[in-house]
Number of protein chains: 2
Amino acid sequence: MLGKRRKREREQRRKTILRAARRLFFKQGYNPVTVSDIAKKAELSKGAIYLYFSSKEEICAQILLDDIERFHSEVLPIFEGGDSASEVLIGFANIYVDFFLKDRELFRILMNFMLHANSLNLSDDTNRRIILETNRAISVTENIFQYGIDKGEFLLKKEDVRAMRNSLWGMLNGIISLHLFIGRESTREKRIRSGVNKCLSIFIEGLKKSE
Amino acid sequence: MLGKRRKREREQRRKTILRAARRLFFKQGYNPVTVSDIAKKAELSKGAIYLYFSSKEEICAQILLDDIERFHSEVLPIFEGGDSASEVLIGFANIYVDFFLKDRELFRILMNFMLHANSLNLSDDTNRRIILETNRAISVTENIFQYGIDKGEFLLKKEDVRAMRNSLWGMLNGIISLHLFIGRESTREKRIRSGVNKCLSIFIEGLKKSE
DNA sequence: GAAGAATGTGACCTACGGTCATATTTTGAC
DNA sequence: GTCAAAATATGACCGTAGGTCACATTCTTC
């Protein structure tokens, strides 16, 4: 049985490893970083890493989950300002864009994980967190649409909310990803922001007019 | 110097390899398929594969490019029916969705390639084709918006076309990817189609109303 | 201070993308 | 038909990276 201090120190080590891995992943991307690199940066041997995490994927998944949880805590307050649904929608999108522009590699790594989600071998605890955060993500966009309906601002049928709840994520992800990998570095941030804003404003117009 | 028959036979072998690889990739995904698997399926040794392609990535890239070229040739006729811009837009989206629903793994592999596009080591010829097809993809969506403007159907400013040309790809990709990896298998196709259609109809309303 | 639990190490295992010396087949000039 | 050069094919081999394990060290507890 672990004592309290021991437990705390173990948790500390775990965080040290995550911090080291995070810096490496977000600088170089997932594949180029080796477990030995992470071990070296965390001042441990390779074997020790596997005392704290079951695989490289597991390390990356936990980093992403921490970030997503942080994102959701940032998003929570957007309903509290009494803003119009359109403003809430745009506010949400901007938090999302800011989030990825701060750590640009995060986006690529997250997408990569989503693409391979069903072939990853993660611990039960991590899988539980993934399901939880996925549901929170879905409910955020659903709530925004619902908020707009309740305010009488979006002329949307309730049954449509479900059909299009992914459209918002899709739109944002798509615009970010395409600008991120096609455009020139120098104009990237500006283009992503203007693309998202323009596209969203058109979408909102549609929501207000929707049959 | 290669004779004509020799050249034809070489091309034949190349295609045999591509066909074998295609079947494997689209059944199992990119990573699980090894070059030896491809060689075995094509009834060749591993070394022989490298007489025709410089890397595993190169093989996959050429398969994807062939598919994308095929997609563009399918898209070309959508402007010729004299349809309204809205109909063209919806027609385009449906071709896109059909394309991925036919070979579902294609989508995952393509996204994967896009995410790693800047760290792939491909031949000059392949890179040239990638640039060409990327430009064609961009111009397709731009042309649809422009068509709508010319017809007086979309109340869009010309300078906005550029800012939002990726939004359409983004919306479609996002909806497909999220439904593909989150939803239940049994309802997937239906959900993707209804999500795309609902979302697009709202977007089109916005385009018609756009300030 | 001794037994046992927890932590740490790095040589080692396996799998895979890619290379290369070598072998076989085809081609074309004579 | 002969033969050298070119093209094609093979599979043992290499380097690398994720993951394991026997062994060493440190800490806890009685």
Side-chain angles (χ1 to χ4, degrees), chain A residues 1-18 20-22 24-25 27-63 109 112-113 116 119-123 126, chain B residues 1-18 20-22 24-25 27-63 109 112-113 116 119-123 126:
Chain A
M1 193 43 202
L2 263 68
K4 249 188 181 166
R5 181 172 58 76
R6 194 82 171 224
K7 212 165 183 175
R8 201 172 57 230
E9 279 171 0
R10 187 180 171 78
E11 189 52 33
Q12 207 52 43
R13 266 264 188 286
R14 230 186 71 97
K15 279 186 183 154
T16 304
I17 295 169
L18 284 178
R22 196 177 193 285
L24 291 169
F25 282 144
K27 191 171 180 188
Q28 306 176 38
Y30 182 76
N31 285 323
V33 173
T34 71
V35 177
S36 302
D37 291 341
I38 297 171
K40 201 170 174 184
K41 190 113 183 172
E43 293 177 296
L44 282 170
S45 70
K46 190 164 137 180
I49 300 292
Y50 287 89
L51 292 174
Y52 297 90
F53 301 94
S54 63
S55 68
K56 185 185 171 188
E57 286 170 352
E58 181 81 23
I59 297 174
C60 191
Q62 303 227 3
I63 292 170
I109 294 174
N112 205 24
F113 252 73
H116 298 104
S119 62
L120 294 177
N121 233 329
L122 303 172
S123 71
T126 304
Chain B
M1 191 44 201
L2 264 67
K4 249 190 179 166
R5 181 174 59 75
R6 194 81 173 228
K7 211 165 181 174
R8 201 172 58 230
E9 280 171 359
R10 186 180 170 77
E11 189 53 31
Q12 207 52 45
R13 266 266 188 286
R14 232 186 69 98
K15 278 185 184 154
T16 304
I17 296 170
L18 284 178
R22 196 178 192 286
L24 291 170
F25 282 144
K27 191 172 182 186
Q28 305 176 38
Y30 182 76
N31 285 324
V33 173
T34 70
V35 176
S36 301
D37 291 340
I38 297 171
K40 201 170 175 184
K41 190 114 181 172
E43 294 177 295
L44 281 170
S45 68
K46 188 163 138 181
I49 300 293
Y50 288 89
L51 291 173
Y52 296 89
F53 300 93
S54 63
S55 68
K56 186 185 173 190
E57 287 170 352
E58 181 81 24
I59 296 174
C60 191
Q62 302 228 4
I63 293 171
I109 293 173
N112 205 25
F113 253 73
H116 299 104
S119 61
L120 295 177
N121 233 329
L122 304 171
S123 71
T126 303

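Small disclaimer: the values here were computed from a predicted structure and weren't measured. Reckoned from all heavy atoms, side chains included, excluding hydrogens, waters and symmetry mates. Chain naming here is simple, since letters A, B, ... match the order of the sequence lines and numbering starts at 1 in each.
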K.L.:
Choosing from dG8(C), dT28(D), dG18(D), which nucleotide comes nearest the side chain of Val35(A)?
P.N.:
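Nearest listed nucleotide: dG18(D).
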K.L.:
Whole angstroms only, please: what is the NZ-C1' distance between Lys40(B) and dA15(C)?
P.N.:
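These atoms are roughly 15 Å apart.
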K.L.:
What's the CG-P distance between Leu51(A) and dG8(C), to the nearest Å?
P.N.:
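So the CG-P distance, Leu51(A) to dG8(C), works out to 7 Å.
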K.L.:
As a test of reading the structure: which of dT20(D), dG17(C), dA9(D) is closest to the side chain of Ser45(B), going by heavy atoms?
P.N.:
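Ranking dT20(D), dG17(C), dA9(D) by closest atom to the Ser45(B) side chain puts dA9(D) first.
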K.L.:
Which is true for Phe53(A) with a 4.0 Å heavy-atom rule: it touches a base, it touches only sugar-phosphate, or it touches nothing?
P.N.:
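Here Phe53(A) touches no strand at all.
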K.L.:
Hey, does the side-chain of Lys46(B) have a donor or acceptor N/O within less than 3.5 Å of a partner on the base of dG18(C)?
P.N.:
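Pair found.
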K.L.:
Check every atom of dT8(D), dG8(C), dG18(D) against the side chain of Arg6(B) and return the nucleotide holding the closest atom.
P.N.:
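Nearest listed nucleotide: dT8(D).
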K.L.:
From the options dG18(D), dG8(C), dC16(C), select the nucleotide whose nearest atom is closest to the side chain of Thr34(A).
P.N.:
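Out of dG18(D), dG8(C), dC16(C), the nucleotide with an atom closest to Thr34(A)'s side chain is dG18(D).
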K.L.:
Of the listed nucleotides (dT7(C), dT27(C), dT10(D)), which one gets closest to any side-chain atom of Arg5(B)?
P.N.:
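Per side-chain heavy atoms of Arg5(B), the pick is dT27(C).
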K.L.:
Contact class for Ser36(B) (heavy atom, under 4.0 Å): base, sugar-phosphate, or nothing?
P.N.:
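The residue Ser36(B) makes no contact with any strand.
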K.L.:
Which pair of non-hydrogen atoms, one from Leu122(A) and one from Glu58(A), has the smallest distance, and what is that distance?
P.N.:
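Looks like CA-OE1, 3.5 Å.
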K.L.:
Which residue lies toward the 5' end of DNA chain D, Ala48(B) or Glu57(A), if each is placed at its nearest nucleotide?
P.N.:
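Checking each residue's closest nucleotide, the 5'-ward one belongs to Ala48(B).
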K.L.:
Using the side-chain heavy atoms of Lys56(B), tell me which of these nucleotides is nearest: dT7(C), dG17(C), dG18(D).
P.N.:
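Of the options given, the side chain of Lys56(B) lies nearest dG17(C).
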K.L.:
Could you state the atom-to-atom distance from CZ of Arg8(A) to P of dC27(D) in whole Å?
P.N.:
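Distance check: Arg8(A) CZ to dC27(D) P gives 15 Å.
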K.L.:
Quick one: is Tyr52(A) getting a side-chain N or O under 4.0 Å of the dG8(C) phosphate, OP1 or OP2?
P.N.:
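For dG8(C), OP1 or OP2 has a side-chain N or O of Tyr52(A) closer than 4.0 Å.
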K.L.:
Mind calculating the distance between CD (Gln12(A)) and P (dT7(C)) to the nearest angstrom?
P.N.:
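From Gln12(A) CD to dT7(C) P: 14 Å.
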K.L.:
DNA chain C: Gly47(B) or Pro32(B), which has the more 5' nearest nucleotide?
P.N.:
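Residue closer to the 5' terminus by nearest nucleotide: Pro32(B).
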K.L.:
Rounded to the nearest angstrom, tell me the gap between atom CD1 in Ile49(B) and atom P in dG11(D).
P.N.:
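These atoms are roughly 13 Å apart.
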K.L.:
Check whether NZ of the Lys or CZ of the Arg Lys56(A) lies under 6.0 Å from the centre of the six-membered ring of Tyr30(A) and within 45 degrees of that ring's axis.
P.N.:
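Relative to the ring axis of Tyr30(A), which defines the angle, Lys56(A) lies inside both limits.
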K.L.:
Check every atom of dG18(C), dA9(D), dG8(C) against the side chain of Ser55(B) and return the nucleotide holding the closest atom.
P.N.:
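In terms of side-chain proximity for Ser55(B), the closest of dG18(C), dA9(D), dG8(C) is dG18(C).
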K.L.:
Kindly determine whether Asn31(B) and His116(A) satisfy side chain to side chain contact (heavy atoms under 4.5 Å, CB included), including the steps that lead there.
P.N.:
CA-CA 10 Å; Asn31(B) 285 324; His116(A) 298 104; 4.2 Å; yes
K.L.:
Tell me the interatomic distance from Tyr50(B), atom OH, to dG18(C), atom P, rounded to whole angstroms.
P.N.:
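Spelled out: OH on Tyr50(B) to P on dG18(C) is 4 Å.
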K.L.:
Under 4.0 Å between a Lys/Arg side-chain N and an Asp/Glu carboxylate O for Arg5(A) and Glu9(A)?
P.N.:
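Salt bridge present between Arg5(A) and Glu9(A).
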K.L.:
What integer distance in Å separates Phe25(B):CZ from dG17(C):C1'?
P.N.:
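In whole Å, dG17(C) C1' lies 12 Å from Phe25(B) CZ.
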K.L.:
Would you indicate whether the side-chain heavy atoms of Glu11(B) and Lys15(B) approach each other to under 4.5 Å?
P.N.:
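A side-chain contact under 4.5 Å exists here.
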K.L.:
Write down the distance between CZ (Arg10(B)) and P (dA9(D)), rounded to a whole number of angstrom.
P.N.:
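Going from CZ in Arg10(B) over to P in dA9(D) covers 8 Å.
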K.L.:
Ignoring hydrogens and angles, tell me if any N or O in the side chain of Asp37(B) forms a donor-acceptor pair with the backbone of Thr34(B) under 3.5 Å.
P.N.:
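It does hold such a pair.
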